[in-house]
Structures are given as C-alpha cells and as structure tokens.
Asks: 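Dropping the structure in here first, questions after.
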Amino acid sequence: MKIPFNRPFVPASAWERLRAAVESGHLSGDGPATRRCEAKLGGWLNGSRVLLTSSCTHALEMSALMLGLKPGDEVIVPAFTFVSTANAFALHGARPIFADIRPDTFNIDEEKIEQLISPRARALVVVHYGGGPCSMEKITQIAARHHLTLIEDAAHALFARYDGRPIGSLGDLATLSFHETKNLHCGEGGALVVNRPEDVARAEMLREKGTDRSRFLRGEVDRYTWRDTGSSYLMSDLSAALLESQIEIWPQIETQRRDRWLRYAHELRPWADRNGVGLLAFEAKAEPSHHLFSLTMPSFGAREGILRWLAACGIHATSHYAPLNTSPRGLRYGGRPGQCPVAESVSERLLRLPLFIGLTDDEQSAVIAAVTSFAP
Ligand SMILES: *Cc1c(COP(=O)(O)O)cnc(C)c1O
C-alpha cells in the first residue's frame with residue numbers, strides 16, 4: 001500500500017527519553033518515567049489517580065477485579081466496540097449484556113440502557129467512540145439511580161471533553177489505551193484512571209500482583225506483602241519514556257489530528273451528501289479527540305466496493321467492530337442477531353480512512369480524490 005492506515009508517530013525527543021530511561025537503570029514498572037506520565041495525565045484528569053498498565057485490555061481487567069464479581073453478575077457493554085470491552089469482564093466471571101448504539105455518534109444509546117438493567121447488573125461500561133464523548137449527563141444519572149459502577153472505556157478519547165470536563169474523569173473508573181494505533185502510544189500500553197480516592201489503594205495492589213509494593217516504593221511501609229488477588233499489570237518504564245515524549249507535546253498531536261479530521265470532513269461532505277454517505281456526528285457538548293475518521297456507506301456492497309477501490313488506489317482503509325452480540329463468543333452469553341440493529345447495520349457499512357500525524361497534505365489529497373471518484 002502506498003498510503004498505510006496508520007504510521008505510529010515517534011517524536012524526535014523520544015530517543016533522548018529512551019536513552020535516559022535506559023541509563024537510569026530502572027526499566028521495570030513504576031519507575032521515574034511512569035510516575036511523571038501518571039502525574040501529567042492525572043493533572044489533566046482533575047487530580048484523578050492514573051496507573052499506567054501494560055494495555056487498555058489489562059486496565060479493563062483491573063476494573064473487573066475492582067468489581068469483585070460473583071457468578072451470574074452482569075455488566076452492560078455496547079455491542080459496537082473492541083472485544084476487550086466485554087472480554088475483560090467475561091474473563092472475570094461476568095455475563096456481558098449487549099446494548100445498542102445511537103445512529104449518529106455510534107456511542108451506547110442512553111435511551112436503551114435502563115431496559116437492560118436486571119437485579120444482577122453490577123456495572124455499566126461506555127465507550128466514547130472515535131473520541132466523541134457519550135451523553136454523560138444521562139449516563140451518570142442512570143448509573144447512580146441503579147447503583148452501577150460506571151466505567152469509561154476511553155481508549156479513543158484521551159483529551160476529549162464533555163461539557164468542559166475531561167473524558168476519563170466522569171466515571172468511577174476509566175481506561176486508556178496507548179496501543180500504537182491510538183492518539184498517544186508506546187507500542188503497547190494503557191492506563192487505569194481511578195476517580196474515587198477510596199479505590200486507589202486497592203487498584204495499586206491489583207496492579208502489583210496483589211501486594212502493597214507501591215506503598216513500599218513510596219516509603220510508606222517498610223516491607224510489602226501479599227494482600228489481595230491481583231496480577232502484573234505494570235507498564236515497563238521504557239514504554240513510559242516513549243509515552244512521555246508524546247504526553248509532553250499532546251496539544252500539538254491533538255491539533256494535527258484535528259486539522260486532518262476537519263479537512264476530510266470539509267472536503268468529503270458534498271460527496272457524502274450526494275451519495276447518501278454518513279459522517280460521524282458529535283453531541284453539542286462534546287469536544288472530541290479526533291481518534292478516527294469514518295464513512296458510513298449506504299449498503300454493505302458499497303462499503304466492500306469502496307474498500308476494494310481504495311486498495312486498488314494504494315490506500316489502506318479498514319472496516320471495524322463486528323458486533324459483539326452476534327460474535328461466536330457473544331452468542332454464548334445470550335447475544336442474538338437482531339438484538340442491536342443499529343450496531344449490526346453500522347458494522348456492515350462503516351470504513352475508516354488513514355488518519356495519523358505523519359499523513360502528508362499530498363497523501364490526504366490522494367485519499368480525498370480516490371474517495372470522491374467512487375460512486376456507491
Ligand atoms: C484499542 C481498544 C481497546 C484495547 O486496547 P489495548 O491497549 O490494545 O488493550 C479497548 N477498547 C477500545 C474501545 C479500543 O479501541
């Protein structure tokens with residue numbers, strides 16, 4: 001492919017940061033680079049405790065452990081998301097209950113959540129799709145009314161805001177991803193955001209194999225011991241160094257993504273309107289993080305056609321999110337075809353265009369020319 005779907009961005013300062021991490025002699029988890037990243041992200045998130053993890057998947061698993069799930073407990077998840085959003089809770093004993101999405105933002109449909117809440121429901125997980133915040137006013141009210149733990153899967157949405165408030169600070173817990181396809185990355189990585197101060201000590205233990213080693217490293221106790229059942233969810237300090245090189249310039253990263261996103265929207269809108277193609281919409285109170293640029297074609301055939309056409313032009317576009325309710329594993333948890341009609345329909349018609357920091361103006365012009373020369 002001449003134009004890839006993604007090229008991971010590595011700022012020039014990364015090499016200095018990586019060298020310093022190697023020379024510091026602390027390459028394992030919870031080292032100086034990890035602490036600095038956590039402090040900077042925590043500052044953005046209104047003082048929440050941020051724990052860097054090996055992945056967003058692991059941060060979601062930590063969220064599941066935080067719930068102390070019992071057999072038969074249920075966790076409500078959107079049907080249109082990456083598998084980890086449901087798998088992490090299923091792995092720790094919950095039954096995922098699949099909720100449909102809104103046809104405009106592709107976020108969980110807040111009007112369809114309450115009908116899914118049974119007495120076994122323990123948590124509500126929302127995904128801010130593409131970096132566009134969910135309708136958080138209504139969602140926080142629903143979670144409070146039904147005593148559900150609210151978890152934001154903010155893998156796409158770091159540095160997005162809803163009604164002026166940072167995404168990731170609105171649920172009880174939130175998870176971030178630093179996979180190389182995400183806005184900020186370190187190859188593989190993630191974070192758990194703990195918004196209730198009373199949960200911090202336990203979250204730290206779950207990340208450190210169930211021990212209070214984090215307190216020991218801060219000099220708060222003189223030895224550490226096994227206190228809970230956790231695992232090893234730490235990020236290597238080498239990865240944190242790579243991440244830090246991006247956190248320190250995040251406003252530039254966000255501006256560059258936004259400029260490319262807005263150019264796509266501006267130059268593709270007339271073609272989209274003429275051809276019945278949808279562009280992702282955001283709520284009035286949302287300030288998105290421009291994680292992805294999607295087109296929603298009028299039919300499955302048109303989506304397959306444009307993917308083939310773009311590939312023939314040397315452009316790698318991709319589809320995504322097979323609905324979880326109709327996946328082989330989802331069916332085992334009681335999912336069924338027709339249960340989430342919006343998710344099922346969007347999944348067949350959506351594609352994402354290349355959107356990354358190194359995408360040049362000429363490359364983007366080539367993508368726009370290829371798309372607009374396709375008639376569905
Ligand atoms: C990427 C992603 C994840 C998983 O992130 P990893 O860091 O790769 O584990 C989870 N949820 C959503 C919505 C994602 O896009």
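Whatever order the structure lists them in is the order used to number ligands and atoms, beginning at 1. All residue numbers in this chain count up from 1 along the given sequence.
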Asks: How about R223: does its CZ atom have over 12 heavy atoms from other parts shown lying under 6.0 Å from it?
Replies: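 Not buried by this count: 12 neighbours or fewer within 6.0 Å.
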
Asks: Taking NZ in K138 as the centre, count heavy atoms belonging to other residues, nucleotides or ligands within less than 6.0 Å. Is the count above 12?
Replies: no

Asks: For the residue pair H316 and F356, is the inter-centroid distance of their aromatic rings smaller than 6.0 Å?
Replies: no

Asks: Note every protein N or O atom lying under 3.5 Å from an N or O atom of ligand 1, pairing the names and giving the distance.
Replies:
unit_1, atom_1, unit_2, atom_2, d
ligand 1, 5 (O), S177, OG, 3.3
ligand 1, 7 (O), C56, N, 2.9
ligand 1, 7 (O), S177, OG, 2.8
ligand 1, 7 (O), G189, O, 3.4
ligand 1, 9 (O), C56, N, 3.4
ligand 1, 9 (O), T57, N, 2.8
ligand 1, 9 (O), T57, OG1, 2.5
ligand 1, 11 (N), D153, OD1, 3.4
ligand 1, 11 (N), D153, OD2, 2.8
ligand 1, 15 (O), H156, NE2, 2.7
ligand 1, 15 (O), K182, NZ, 3.2
ligand 1, 15 (O), Y321, OH, 3.3

Asks: Going by ring-ring contact (aromatic ring centres under 6.0 Å, His included), name the pairs with one or both residues in residues 12-53, residues two or more places apart or in two chains.
Replies: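 Every ring-ring contact (aromatic ring centres under 6.0 Å, His included) pair that includes a residue of residues 12-53, provided the two are not neighbours, is W44-F159, W44-W250.
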
Asks: Would you please classify the geometry between the W261 ring and the F293 ring as parallel, tilted or perpendicular, with 30° and 60° separating the classes?
Replies: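 The arrangement is perpendicular - the two ring planes meet at more than 60°.
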
Asks: Rounded to the nearest 0.5 Å, what separates atom CZ in R207 from atom CE in M205?
Replies: 13.0 Å

